[in-house]
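Please read the structure below before turning to the comments.
Whatever order the structure lists them in is the order used to number ligands and atoms, beginning at 1. These figures come from a predicted structure and were not determined experimentally.
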Amino acid sequence: MAFKLPDLPYSRDALQPHISENTLNYHYGKHHQGYVNKLNAAVEADASLAGKSLEDLIKTQKGGVFNNAAQVWNHTFYWNSMSPNGGGEPTGALGDAIKASFGDYASFKAAFAKAAGGQFGSGWAWLTKDADGTLHIEATSNAGNPMTEGRTPILTCDVWEHAYYLDYQNARGGYVDAFWNLVNWEFAGKNFAG
Ligand code: MN3
């Protein structure tokens, strides 16, 4: 198989009580695995895709190949955007950049939560940076990934219903509130610096 489901960076019960083991069993074990399986089937069926990286596929493909490649990448990035030891406020260069771009941490959180809550239907909320280092908050629909627009992902929150329905039912806002208890600023800081 060309692509493998990456190991979670923590155990499936590690994000409780904010995100349950049950959610990770489905979200990681079924949904993320399902995107990996569908991508492998698509790549096997098209010799022109052989040997291409996930990033190559995201930047060059459309339709089902793009959707599954981006969903594989986005979910791995999302798991790393959270940590059982997460939460708190960003420090260092990223903390300074967030303050410079959004005023203060509370204003940043409000703007990110607005993007997450305002995304109609399935999608993702992102903190990204431009080639010149400028920070942006944005939302993408379905499998959308800011790399296709030339921006570098710093942090993401999955706002597909499958990310929160088992724990929060239709209350996306409660799930996004809980996300701040898990947010992995160490990972985000590395993406900002990289
Ligand atoms: Mn998902």
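Taking a 4.5 Å side-chain heavy-atom cut-off between Ile, Leu, Val, Met, Phe, Trp and Tyr, the cluster of Phe120 contains only that residue.
Residues satisfying the salt bridge (Lys or Arg N to Asp or Glu O under 4.0 Å) criterion with Lys190, sequence neighbours excluded, are Glu186. Applying the ring pair (Phe, Tyr, Trp, His ring centres under 6.0 Å) test to His136 and every residue at least two apart in sequence or in another chain returns nothing.
Side chain of Asn74 to main chain of Ala143: a donor-acceptor pair is present (N/O by atom type, distance under 3.5 Å, no hydrogens or angles).
Aromatic pair His75/His162: centroids less than 6.0 angstrom apart.
Nearby protein atoms of type N, O or S around the Mn ion (ligand 1) amount to 4 (distance under 2.8 Å).
Residues Asn145 and Trp126 are in side-chain contact: their nearest non-hydrogen atoms beyond the backbone lie under 4.5 Å apart.
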